[in-house]
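Notes for the one structure printed next.
Count residues from 1 along the sequence.
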Amino acid sequence: MKTGIRWLLRIILLVVALATAGTFIPRPLIAPVEASSAVATHRILLLSGAIHTDIAIPLDEETRAAFSFLDDPGFPLGHPNAEWLVVGWGGRAFYLETPTWSELKPMPVLRALTIDRSVLHVDLAGHITEPQPAIMAFDIGDEQLARLRNFISDTFVRDAGEVKPISNAGYGEIDRFFEAEGYFNALFGCNTWTAAALRSAGLRTGLWNPLPQSLRLSVGVYN
């Protein structure tokens with residue numbers, strides 16, 4: 001029994017040490033150098049919950065064109081009141097079957113702790129008031145936003161060039177789920193995907209950010 005407890009404590013200490021290192025060791029190690037002519041004219045948002053993060057990108061003309069494959073009567077990308085495209089990546093079972101904490105079930109948790117297929121969740125938002133404790137904002141340039149759009153677009157699974165929506169899946173009236181590239185587990189999950197997305201836009205994150213708290217801390221320190 002004592003041996004088992006000692007090993008458990010060692011594992012916990014190792015995970016804590018790795019998470020701490022992952023927060024305070026920047027990635028990339030050297031800050032990227034953007035072209036001097038680049039002007040930060042676009043605002044993107046990091047939206048944080050207790051265990052999950054999303055990215056919100058402005059619904060300007062270029063974003064609507066880049067994600068025109070999402071536009072349909074049930075997902076009005078061109079609606080004049082839609083200001084943000086909100087995107088998150090996560091494990092299929094947990095994401096689809098746990099819209100609220102009260103609906104938490106053992107099997108999705110088990111899949112999240114092992115390995116699961118991934119999905120993308122997309123939603124539209126109107127005006128988002130700043131500042132808020134759960135929101136971090138970053139101003140980036142045209143090229144950085146284009147790279148972020150491409151990163152998100154490339155995460156959609158495509159069949160003969162068409163994205164693959166998941167039927168009858170969503171939390172509200174207009175949000176949608178789609179099949180996504182990659183596999184999910186608790187160590188390399190939604191927040192590490194968000195971190196990679198932010199890096200595609202030229203921002204720096206921690207080396208490993210499995211939790212929203214570590215991601216927020218690292219992007220706050222290095223950007």
Side-chain angles (χ1 to χ4, degrees), residues 19 22-67 70 75-90 120-155 171-172 174-176 189-223:
T23 300
F24 292 106
I25 298 175
R27 181 177 180 183
L29 193 61
I30 299 174
V33 178
E34 297 293 336
S36 58
S37 60
V39 179
T41 56
H42 304 286
R43 198 165 184 84
I44 64 171
L45 305 177
L46 172 64
L47 311 178
S48 303
I51 62 171
H52 178 78
T53 49
D54 291 315
I55 291 178
I57 61 175
L59 270 175
D60 55 20
E61 183 178 344
E62 290 79 10
T63 296
R64 286 187 165 96
F67 293 95
L70 296 175
F75 194 82
L77 199 66
H79 195 285
N81 293 334
E83 297 184 19
W84 300 93
L85 178 66
V86 181
V87 185
W89 181 93
L120 276 169
H121 180 244
V122 297
D123 202 355
L124 299 174
H127 178 70
I128 297 177
T129 301
E130 298 179 59
Q132 291 187 47
I135 296 175
M136 296 185 73
F138 305 93
D139 294 320
I140 60 176
D142 292 342
E143 292 184 7
Q144 293 171 303
L145 182 57
R147 293 198 300 268
L148 177 56
R149 292 192 200 104
N150 290 337
F151 179 93
I152 294 170
S153 181
D154 289 345
T155 307
Y171 296 159
I174 63 170
D175 64 309
R176 297 287 186 270
C190 54
N191 303 302
T192 58
W193 180 88
T194 302
L198 293 175
R199 290 194 297 272
S200 76
L203 300 174
R204 299 173 84 192
T205 71
L207 182 65
W208 179 55
N209 296 120
L211 296 173
Q213 295 79 5
S214 67
L215 178 57
R216 287 173 57 84
L217 181 57
S218 65
V219 295
V221 168
Y222 295 114
N223 298 280

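- For Arg43, the side-chain hydrogen bond (donor to acceptor under 3.5 Å, both in side chains) test picks out Glu130, Asp139, with sequence neighbours left out.
- In this view, Asp175 and His121 satisfy the side-chain hydrogen bond (donor to acceptor under 3.5 Å, both in side chains) rule, not counting sequence neighbours.
- Residues Ile174 and Pro76 are in side-chain contact: their nearest non-hydrogen atoms beyond the backbone lie under 4.5 Å apart.
- Counting heavy atoms from C-beta on, the side chains of Ile55 and Leu45 never come closer than 4.5 Å.
- Under the side-chain hydrogen bond (donor to acceptor under 3.5 Å, both in side chains) criterion, Arg199 pairs with Thr205, sequence neighbours left out.
- Taking the side chain as every heavy atom from C-beta outward, Leu203 and Val219 never approach each other to under 4.5 Å.
- With rounding to the nearest 0.5 angstrom, the OG1 atom of Thr23 is 6.0 Å from the CG atom of Leu217.
- Going from atom CZ of Phe67 over to atom OG of Ser153 covers 5.5 Å, rounded to the nearest 0.5 Å.
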Side chains of residues 77-89: which donor-acceptor pairs under 3.5 Å do they make with residues two or more places apart or in other chains?
unit_1	atom_1	unit_2	atom_2	d
His79	ND1	Asn81	N	3.0
Trp89	NE1	Ser118	OG	3.3
Trp89	NE1	Glu181	O	3.1

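- Side-chain atoms of His42 and Asp142 form a donor-acceptor pair, as typed in the model, at a separation below 3.5 Å.
- Using a 4.5 Å heavy-atom threshold, the side chains of Leu46 and Ile135 count as separate.
- Atom OG of Ser218 sits about 11.5 Å away from atom CZ of Arg27, to the nearest 0.5 Å.
- Arg149 has no carboxylate O lying under 4.0 Å from a charged side-chain N of Asp154, or vice versa, which leaves the two without a salt bridge.
- Scored by the side chain to side chain contact (heavy atoms under 4.5 Å, CB included) test, Arg204 finds Pro26, Pro28, Ala31, Pro32, Tyr222, Asn223 as partners (sequence neighbours excluded).
- When the side chain to side chain contact (heavy atoms under 4.5 Å, CB included) test is applied to Gln213, the partners found at least two apart in sequence or on another chain are Leu211.
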